[in-house]
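Given the structure is predicted, the values throughout are model-derived calculations rather than measurements. Convention: sequence-line order gives letters A, B, ...; per-chain numbering from 1.
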Protein chains: 2
Amino acid sequence: MLAIGEFSRFTHLSVRTLRRYHDAGLLVPAEVDTATGYRYYSAEQIPTAQVIHRLRELDVPLADVREIVGSADPDDRASLVADHLGRLEAELDRTRAAVASLRRLLAPEPASLDVELRVVPAMTVAAVEDDVALDDVLGWYAGAMAELDAVVAEPVGAPGGLYDNALFEDGRGHLLVYRQATEPPHVGRVRPATLPAVELAVAVHRGAHDDIEVTYGELGTWVVDNALAVAGPVREVYLVGPRDTADASAWRTEIGWPVFRVGSPDPTDRTSHPV
Amino acid sequence: MLAIGEFSRFTHLSVRTLRRYHDAGLLVPAEVDTATGYRYYSAEQIPTAQVIHRLRELDVPLADVREIVGSADPDDRASLVADHLGRLEAELDRTRAAVASLRRLLAPEPASLDVELRVVPAMTVAAVEDDVALDDVLGWYAGAMAELDAVVAEPVGAPGGLYDNALFEDGRGHLLVYRQATEPPHVGRVRPATLPAVELAVAVHRGAHDDIEVTYGELGTWVVDNALAVAGPVREVYLVGPRDTADASAWRTEIGWPVFRVGSPDPTDRTSHPV
DNA sequence: CTCCACCCTCCCTCGGGGGGAGAGTCCACG
DNA sequence: CGTGGACTCTCCCCCCGAGGGAGGGTGGAG
């Protein structure tokens, strides 16, 4: 039996950290003296401590580490680890995108943006909608769009989506993706939905979505400069997207933001607008 | 002028976050109503907010972000950003190493370790020593070893080092790297030092240092099984290392841990042992 | 028996974010 | 001009995973 200090020396985990891992149930000492509270570890626990050490180096949350080292089945263990490695990979992709975008932000080429004010009538479309967390947006979008494509017989024009501003404010919000169709079906999650008539400030973003914030910002500047304010879920239309070409630089995304004139706002509710 | 909510919609930064960035001095509103405390932003601040957004996605600490967006000189800015990208790169290397090591830990081949108990006499060597933070160890080691190599005329045997356990407990500790030499010089940071006589439990680690913890653990297990305890800074000797071959799998690192018999400890101070 | 390294628990701090309470403000509409 | 409701303010609590340090109890060798 090893006192905590000795165990610390063998595992290169600090005494403090070992105590935390005990409290968190990650690495329970082989024996705890009930009278004194002294923790005693066995040499067999060293390999476990090393696995925990590595997992923590990979920023696996303590709760997940507990799962992993606690699961008897090596298959479970492997799949839990694989899950986290997948998350790391996704994180890495995001980091790469942020680096690329940052470079472009810091080496700015002031490409002026064409913004158009467009009155859009109400239209009934085939839609899938749900409340979605920001982290899940990409996955949800892919699933919803696939379902739409599967059931909409004669789509018209490019697909689009409506994005609740709360998505960015609260980390989750209402999403709606749609296709225009002559006869919107009602199958599975797909159902007919009516998008309200709005006045949109419309700009077209060119290229991959890494930099789409820039276009949002320029659109915002334009809106302000024209004495307008925004008023509801933003609309995106995927004129050219990954479904059309793998060449991201050719993508075209139309961003339309509902606006109203400051001083004479839209009569409809501007914040809890149904999407 | 934009109220915080409107600015939030244009930048996709939450209202809370914008307030924090104001408090932290990252993004000070163009105007603050002194009477009401209301924050008002100008459209010109949108690009700045976007840069901040990207930097934060890259986990640049708020203080560094303040530096970056606050620096007028674009060269300063670029170098600060480059610094952080370098840190991200180093982080990535560490992650890769941890992943590789984890895989090996989870697919264990119980290669039994040969451990030898060795009595080592005191010896006088050419040494460089200092208190070093854990994060700086690699850099410090490289510099110290280069300096040693430059001034030690006739080195004998392989280079080695002594590592204070406090390094892992407190994140910093005393390090000493040495070369044996017929006549230890006293030049620059290099000076003669006498390593005390100790009894060592010695094992040889094979391969890159990613997995060296495993050998430490096995050595620890052996120490415990033989009714011993460890007693001072660990010694490593680089029998075959990066200086010898780029093939990491051929590296050989001797790990020697000072031990004493439990029940009759070493007479010298076992924790604050001078290295 | 004494000494002192060791171990215990408890609470504070930090960074970057979120939740929510309670109060004040803005402004379009009636 | 008053009112209501969306908006904003500040303030305090929580989260995670780590560290600092106080204050007090234990183990074991001399």
Check whether any side-chain N or O of [X] sits under 4.0 Å from OP1 or OP2 of [N], and answer yes or no.
{"X": "B/Thr17", "N": "C/dG18", "answer": "yes"}
{"X": "A/Tyr40", "N": "C/dC7", "answer": "no"}
{"X": "B/Arg39", "N": "D/dT10", "answer": "yes"}
{"X": "B/Ser14", "N": "C/dG18", "answer": "yes"}

key: Position toward the 5' end of DNA chain C (nearest nucleotide), B/Leu62 or B/Asp33   = B/Leu62
Any base atoms under 4.0 Å from [X], or only sugar-phosphate, or nothing? Heavy atoms, all strands.
{"X": "A/Ala3", "value": "sugar-phosphate"}
{"X": "A/Arg19", "value": "base"}
{"X": "B/Arg56", "value": "sugar-phosphate"}

ask   = So, are B/Asp211 and A/Arg54 salt-bridged, with charged N and O less than 4.0 Å apart?
value = no
query = Do A/Trp257 and B/Phe10 have ring centres separated by under 6.0 Å?
reply = yes
ask   = Do the rings of B/His12 and A/Tyr216 sit parallel, tilted or perpendicular, given the 30° and 60° boundaries?
value = tilted
inquiry  = Any donor-acceptor pair, under 3.5 Å, between the side chain of A/Arg16 and the base of D/dG21, if you only look at N and O atoms?
reply    = yes
message = With a 3.5 Å cut-off and heavy atoms only, can you find an N or O donor on one side and an acceptor on the other between the side chain of A/Tyr38 and the base of D/dG25?
response = yes
key: Candidate pair A/Asp23 and A/Arg20, rule salt bridge (Lys or Arg N to Asp or Glu O under 4.0 Å), full reasoning   = CA-CA 5 Å; A/Asp23 293 344; A/Arg20 244 196 318 274; over 6 Å; no
remark   = Regarding the side chain of A/Ile4, the nearest nucleotide among C/dC26, C/dG17, C/dC8 is C/dC8
